[in-house]
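Every number for a ligand or one of its atoms is a count from 1 in the order of the listing.
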Amino acid sequence: MSQHASSRSPRVGFVSLGCPKALVDSERILTQLRVEGYDLVQTYDDADVVVVNTCGFIDSAVAESLDAIGEALAENGKVIVTGCLGKRADVIREAHPDVLAITGPQDYASVMQAVHTALPPAHDPFVDLVPRRAASAVDDGIGIKLTPKHYAYLKISEGCNHRCSFCIIPSMRGDLVSRPIDDVLREAEKLAMGGVKELLVVSQDTSAYGVDLRYAERTWRGSAYETRMKSLCEGLSQLGLWTRLHYVYPYPHVDDVIPLMADGKVLPYLDIPFQHASPRILKLMKRPGAVDRTLERIRNWRAMCPELTIRSTFIVGFPGETDEEFEALLDFLDEAQLDRVGAFAYSPVEGATANALPDPVPEDVKQERLARFMARQAEISALRLEAKVGTVQRCLVDAVDGDLAIARSRADAPEIDGTVQVQNGLMAGLKPGDFVDVEILGSDEHDLYGEALIEEMAG
Ligand code: SF4
């Protein structure tokens with residue numbers, strides 16, 4: 001690995017793994033690197049040093065992270081590790097003793113220090129005359145977006161106050177720390193001014209937002225807002241963007257945001273990781289929220305906002321899950337009629353308390369349950385999509401591919417949900433970031449197909 005020549009800016013390669021929350025961390029580190037005059041490069045060969053932002057949530061993510069570190073070491077040789085797996089430095093050191101430095105999640109200052117040590121920033125008279133944004137560079141949202149320009153993740157808090165037995169995030173990221181609401185709204189405002197059309201609100205537990213700050217009141221645009229989920233939705237609705245809520249738990253106060261969805265102030269979309277439907281398993285999982293009246297609450301939400309899309313995730317084969325409890329989970333799917341569902345076969349995470357639970361479910365049974373679960377939900381999702389054929393859906397264009405525009409309706413979050421394929425996208429002159437009304441002509445298990453109503457099109 002050659003030291004960078006003094007005639008050019010130092011170059012950093014960046015590998016970002018993990019969930020949308022890790023993506024937000026990556027964006028912040030990249031922002032700071034750019035502020036300090038580092039060039040960001042796409043290949044190992046071009047990089048003077050490589051930063052790998054890792055995930056450590058489940059064992060397969062740990063393996064993927066270790067592989068990525070190994071690849072960066074083999075291809076480049078100078079590697080700094082950050083992110084969730086950074087909390088488990090021993091695991092990294094054992095597999096890859098040659099990494100230059102290891103830092104944990106959200107520890108932006110330590111990552112930057114490691115980069116400075118490995119690769120001092122270039123003296124640039126122009127950059128150096130510009131006052132450093134320092135801490136504000138990680139707060140103000142003017143940043144390098146890893147997501148396409150028209151949507152952005154908005155991280156409202158770090159950490160989590162719960163202790164779900166299968167999860168080690170609180171031990172890695174600590175208890176909930178919310179960002180004050182004016183700070184979040186200012187970031188959202190800047191993103192909107194930069195051309196973002198859709199904000200994806202992320203955290204470990206969006207419904208708990210502000211509890212650590214005792215819902216502190218702040219002022220934004222001359223009005224008072226409390227640091228809590230409902231006020232956040234009200235503030236964001238002032239920006240006229242699509243706002244999508246992720247990682248919401250079924251607390252009673254979630255009911256308060258449903259009317260805002262019915263009024264079109266935030267997208268009628270809830271991403272609620274239910275994880276299971278059996279009260280006994282949920283108790284073993286130590287899940288937050290009112291788990292006993294879930295079906296009733298879903299019915300009430302849909303009565304208040306019939307257009308509501310509900311996405312969820314589930315774990316099958318949790319230790320002790322009986323055949324009856326699994327069947328009850330399938331019954332729940334039939335009754336709840338969720339729109340989008342992701343599922344995982346339970347996999348132990350090193351350090352999680354669930355590992356000590358008795359009666360692990362054999363691997364073949366877990367896999368068989370997962371396949372049955374997915375097949376049952378696939379039928380439900382397909383029918384729910386089919387019901388949209390003949391309707392007109394407001395969509396946001398993500399990409400244009402040949403004649404097609406690949407768009408998403410209000411019911412589709414990027415990366416995790418389906419798409420709306422607009423057959424006449426090219427002809428309609430659509431571009432990424434355009435809103436368009438699409439007449440839905442067909443559907444399958446995941447996606448919708450349709451045609452842009454050209455006269456309705458808006459930029
Ligand atoms: S709510 Fe549970 S699963 Fe989610 S981060 Fe907190 S402890 Fe982990």
Protein heavy atom at shortest distance from atom 4 (Fe) of ligand 1
Tyr249 OH, 3.1 Å
Supply the atom-to-atom distance Leu213 CG to Thr227 OG1, rounded to the nearest 0.5 angstrom.
5.5 Å
Please list, in number order, the atoms of ligand 1 under 4.0 Å from a heavy atom of Gln204.
5 (S)
Using a distance-only test with no angle check, is there a side-chain donor-acceptor pair under 3.5 angstrom linking Gln113 and Ser110?
no
Just jot down the ligand 1 atoms closer than 4.0 angstrom to any heavy atom of Pro170, in number order.
7 (S)
Decide whether the shortest distance between a heavy atom of Tyr247 and an atom of ligand 1 is less than 4.0 Å.
no
Is atom 8 (Fe) of ligand 1 under 2.8 Å from any N, O or S atom of Cys167?
yes
Ligand 1 atoms in contact with Arg287 (distance to a heavy atom under 4.0 Å):
2 (Fe), 3 (S)
Any non-hydrogen side-chain atom of Trp301 less than 4.5 Å from a side-chain atom of Val254?
yes
For Cys160, the ligand 1 atoms with a heavy-atom partner under 4.0 Å come out as 1 (S), 5 (S), 6 (Fe), 7 (S)
Are the aromatic rings of Tyr346 and Phe166 close, with centres under 6.0 Å apart?
no
Tell me which one of Arg311, Arg384, Arg244 satisfies salt bridge (charged side-chain N to carboxylate O under 4.0 Å, His left out) with Asp417.
Arg311
Flag the pair Tyr151 / Trp242 as yes when their ring centroid distance falls below 6.0 Å, and as no otherwise.
no
Counting each atom of ligand 1 from 1 as listed, which ones have a heavy atom of Cys164 under 4.0 Å away?
1 (S), 2 (Fe), 3 (S), 7 (S)
